Each structure stands twice: as structure tokens, then as C-alpha cells.
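Since the structure is predicted, the reported quantities are computational estimates derived from the model, not experimental observations. In what follows, chains carry the letters A, B, and so on, assigned in the order in which the sequence lines appear, proteins first and then strands, with residues in each chain numbered from 1.
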Protein chains: 2
Amino acid sequence: MILSGELSSGEQLSEEALADRCGVSRTPVRDALRRLEAELLVRKNDSQRSLVADWSLGDVADAFELRAMIEGYAARRAAERMDDATLDQLRSCNSAIYEAIKRARPDVQGFLDHNKRFHELILDAADSRRLTSLLGSLIEQPVVWRTAQHYGREAFNRSHSEHEDLLAAFARRDGPWAEAIMAGHIRRAFHAYADAHHGLSAIDRGAA
Amino acid sequence: MILSGELSSGEQLSEEALADRCGVSRTPVRDALRRLEAELLVRKNDSQRSLVADWSLGDVADAFELRAMIEGYAARRAAERMDDATLDQLRSCNSAIYEAIKRARPDVQGFLDHNKRFHELILDAADSRRLTSLLGSLIEQPVVWRTAQHYGREAFNRSHSEHEDLLAAFARRDGPWAEAIMAGHIRRAFHAYADAHHGLSAIDRGAA
DNA sequence: CTTGTAGCAATTGTATACAATAGAGATTGG
DNA sequence: CCAATCTCTATTGTATACAATTGCTACAAG
């Protein structure tokens with residue numbers, strides 16, 4: 001929604017103000033707030049007023065650790081259920097990732113799109129509604145995705161090559177291996193995020 | 001809510017019918033349906049109509065595996081952050097569990113209440129909003145809780161003694177150990193559930 | 001007899017009006 | 001001057017009316 005970056009942490013969200021801003025009534029705004037609450041992007045203070053949730057670095061670390069475990073489980077299930085057609089899709093998806101990052105000036109948006117699709121394909125292959133639901137709420141972290149803007153070449157390359165390792169595990173239908181690789185993949189993505197985040201914080205401090 | 005057992009799987013949920021039944025208007029009913037959707041207790045069919053979600057044994061197994069991982073992580077964090085006051089609370093909580101199950105005719109409701117509190121204390125000690133949110137949606141499985149009605153004595157005793165093991169891990173602030181014990185604890189709870197469930201299914205088939 | 005289309009009924013999505021509630025500020029008693 | 005309470009305002013919770021969409025059924029044409 002519009003609040004993916006436009007609103008600052010802790011800011012009050014009046015239902016009526018948002019409704020005016022979006023040109024709709026309060027009813028659909030309330031619906032949207034309920035969903036965002038479920039995803040912890042919005043929280044309520046003691047008196048039931050909605051606020052933009054504030055995410056500390058520790059909170060993000062926590063979310064990534066959970067994502068590592070859960071998406072690792074997804075990879076395990078996916079490996080056990082993998083069919084050749086899906087495997088082909090994953091391969092071409094990772095090729096597209098390579099195309100996006102191989103040039104001197106990487107196509108960051110292209111990387112993000114194909115990367116998202118890569119992980120979604122795995123999630124679909126795992127074939128678990130519960131997983132899909134849980135991960136959905138963990139993956140929607142606009143802050144994190146924007147951080148990819150600051151990835152270095154080695155971070156892009158690492159991501160691509162770890163996907164290749166994952167494909168090898170899928171090809172062997174090796175669930176435990178796929179789980180281990182995926183969990184490590186996510187945890188390293190967090191480290192890249194944390195580095196970039198601290199870098200950003202430094203920049204922000206410098207600019208202020 | 002009222003639909004925790006009163007409505008059968010796959011049944012259509014008309015917003016207006018539920019509103020009449022509860023004596024309120026459609027607006028709060030819609031709110032409730034959104035929440036239950038987020039917890040996968042309700043889903044929507046292709047034409048946006050709400051249905052009671054149907055849970056196969058495989059789906060439940062899946063949810064338990066996720067819960068094992070996530071609650072294991074919660075136990076690890078809790079162990080790393082444990083303070084003596086919380087540890088005392090956990091000890092007395094597990095004693096209360098023992099009191100409830102030691103007699104010839106176990107107090108099932110008492111067991112469930114204290115067991116719930118035991119796990120909630122650990123979740124609080126883990127001090128992670130994300131964890132609390134994710135587990136909340138995994139733990140609300142009315143079907144599962146009712147199955148405890150069919151637990152045998154050994155299942156109750158096992159549960160209590162595994163809690164004791166967990167307390168030992170907490171006392172040592174041993175995160176990895178606590179995680180392993182908790183994960184195993186949850187997985188064994190599923191096996192007890194699956195056995196009871198199959199038993200129930202057999203009974204149902206016999207009665208029909 | 002089958003198939004396509006039009007219209008009807010039922011249900012969900014949205015808007016608006018009203019009720020309840022919590023917080024801030026003023027006012028009065030000590 | 002401080003504190004307690006009361007009132008007023010801002011915001012959320014709820015109800016109801018209306019619009020839009022979907023699925024079904026009946027009817028007609030091939």
C-alpha cells in the first residue's frame with residue numbers, strides 16, 4: 001500500500017485521514033489496517049489507535065531467523081515434491097537473475113522481481129497453505145527490499161550461486177540439503193542487509 | 001468464536017447469517033472473518049465467499065512441524081533471556097499440571113489451561129512480537145485441543161516430564177538444548193494427536 | 001436436445017450516519 | 001498552588017443503506 005515507505009515509524013494513522021488521502025471511505029481502510037496489523041506492519045497503542053510499527057534491527061534479525069527456519073522447511077518440502085517442470089522454471093528464473101546482474105550496472109529491480117519469483121516458485125512447490133500464509137507475513141518488509149539498492153556485486157553473485165546450489169539439491173530431491181542451503185541463504189541475506197543498514201544509518205547521520 | 005466446533009468443514013459462511021446469529025451487524029462479522037482468514041480457520045472460494053477451512057491430517061501435521069520449529073526457536077530465545085522469577089513461575093506452572101493429572105481421573109481442562117499458560121510464559125520470555133504473532137495463528141486449533149480429551153495417562157505424564165527437561169535447560173540458560181527439547185515435545189504431541197485422531201475417525205466410522 | 005444469453009436472486013464491497021470511548025484541557029475545591 | 005473531576009473533542013466501533021458482482025435459472029435459437 002501507500003504506507004510502504006511514505007510514512008515514518010510510530011506515526012499515527014487516523015482512519016479518516018487515510019480514507020481522505022485514498023479517496024475512499026473508512027470501511028475499506030479499516031479492512032486494510034486489519035491485514036497490516038496481522039503482518040505487524042501496523043500496531044495499535046493502548047487506546048486502540050493505529051500506528052506505523054517501528055522495527056528495530058533486532059526485530060528484523062528475529063524476522064530473518066524465523067524466515068530462515070520456515071523457508072528452509074519450505075525448501076525441504078519442495079525438494080521432496082519437486083517435479084521436472086517446476087525445476088525447469090526455477091532454472092530459467094535463476095538464469096534471468098543472472099542476466100539482470102551480470103552487466104556493470106546491475107538491474108536491481110529485475111533482480112528483485114526474479115528473486116521474488118524464484119522464492120515464490122519454491123513456496124508453491126512446497127504446497128502448504130500454512131507455509132504460504134506464514135511466509136507471506138514475514139516477507140513483506142519493504143525496508144528490506146529497498147536495501148538491495150545498496151547491495152554490492154558480491155552480494156548479487158552470492159545470491160545467484162546459492163540458488164544454483166539449491167537447484168542441485170532439488171535435482172537430487174534432497175530435502176535436508178535444500179533446507180540447510182536455504183536457511184543459510186536467508187541468514188546471509190540478513191547479514192548483507194545489516195551491513196547495508198548500518199551503512200545507511202551512517203549516511204543518514206552524515207547527511208543530517 | 002462460536003465457530004470453534006459448531007460449524008462443519010467447508011460450510012458456507014454468509015456474513016448476514018452470522019450477523020443475525022450473533023445479534024450484531026455485518027460490520028464486526030466482517031472484521032472477525034478477516035482475522036480468522038489470517039489464521040486460516042476461514043478461507044474464501046473463487047467468488048469471494050467465506051467457507052470454514054477444511055484441515056486434512058496432512059495439513060495438521062504441517063502446522064505442527066512449523067510449530068515445532070517456531071516454538072523451538074522461542075524456547076531457545078527464552079533460555080537465553082531467562083530470569084529467575086520467570087523460571088519460578090514456570091516451575092509452579094508445571095507443578096500445577098502435575099496436580100491436574102496425578103489423580104485417577106485427570107482434570108483435562110486444568111491440564112489444558114496450565115499447559116497453555118506454560119507455553120505462553122515461554123513465548124513471553126522469548127520477547128519477540130513476531131514470534132508471538134506467528135505462533136498465535138498456529139496454536140489456535142480447536143480440533144487439536146479437544147483431542148486431549150482422548151489422551152492416555154502416558155501422554156499426560158510424558159508431557160509433564162518433558163516440561164521438566166525444558167526447565168532444566170532453562171536453568172542452565174542452554175538455548176540449543178531447550179530448542180531441541182521443545183521441538184521434540186511438539187512433534188510427540190502431534191503423534192499423540194494423530195493416534196487419537198485416527199482412533200476418533202475409527203469411532204466415527206463405526207458409529208455411522 | 002444442446003447451447004448461449006438475459007435476467008434474477010443472493011452475497012459481498014463500499015459509503016455514510018450514529019454511538020461509545022479515551023484523552024486533553026479547563027474548572028473548582030482543598 | 002495542586003489535585004481531582006468534569007466536559008469537550010477527536011477517534012474508533014457499529015449499524016444500515018446502497019452499489020457491484022457472481023452464480024443460477026429460464027427461455028429461446030440453432
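Comparing A:V24 and B:E16 along DNA chain C, the residue whose closest nucleotide (by nearest heavy atom) sits nearer the 5' end is B:E16. In this structure, B:S50 and A:G23 both approach DNA chain C, and ranking their closest nucleotides by distance from the 5' end singles out B:S50.
Applying the 4.0 Å criterion to OP1 and OP2 of D:dG13, one finds that A:Q48 has a side-chain N or O inside that range. In this model, the phosphate group of C:dG13 is approached by a side-chain N or O of B:R34 to a distance below 4.0 Å at OP1 or OP2. For C:dG13, the OP1/OP2 oxygens have a side-chain nitrogen or oxygen of B:K44 closer than 4.0 Å.
Side-chain contact between A:E39 and B:S133 is absent, with no heavy atoms from C-beta onward closer than 4.5 Å.
Annotation: salt bridge (Lys or Arg N to Asp or Glu O under 4.0 Å) contacts of B:D174 (sequence neighbours excluded): none. Taking the salt bridge (Lys or Arg N to Asp or Glu O under 4.0 Å) definition, one finds that B:E15 meets it with B:R26, B:R30, sequence neighbours left out. For A:R81, the side-chain hydrogen bond (donor to acceptor under 3.5 Å, both in side chains) test picks out no residue, with sequence neighbours left out. For B:R187, the side chain to side chain contact (heavy atoms under 4.5 Å, CB included) partners two or more places apart in sequence, or in a different chain, are B:E65, B:A68, B:M69, B:A183.
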Given the rule in the side-chain contact (heavy atoms from CB on, under 4.5 Å) test, do B:N115 and B:H119 qualify, once you have shown the distances and angles that lead to the verdict? CA-CA 6 Å; B:N115 188 61; B:H119 286 262; 3.7 Å; yes

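Checking D:dA15, D:dT12, D:dG23 against every side-chain atom of B:P28, the shortest atom distance belongs to D:dA15.
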With the criterion being N/O to N/O and under 3.5 Å, what pairs connect the protein with nucleotides 4-8 of chain D, and how long is each?
none

Every protein N/O within reach of nucleotides 16-21 of chain D N/O, cut-off under 3.5 Å:
from: D:dT16; atom 1: O4; to: B:T27; atom 2: OG1; distance (Å): 3.4

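At a threshold of 4.0 Å, the pair A:R117-A:E120 does not count as salt-bridged, since none of the basic side-chain nitrogens sits closer than that to a carboxylate oxygen.
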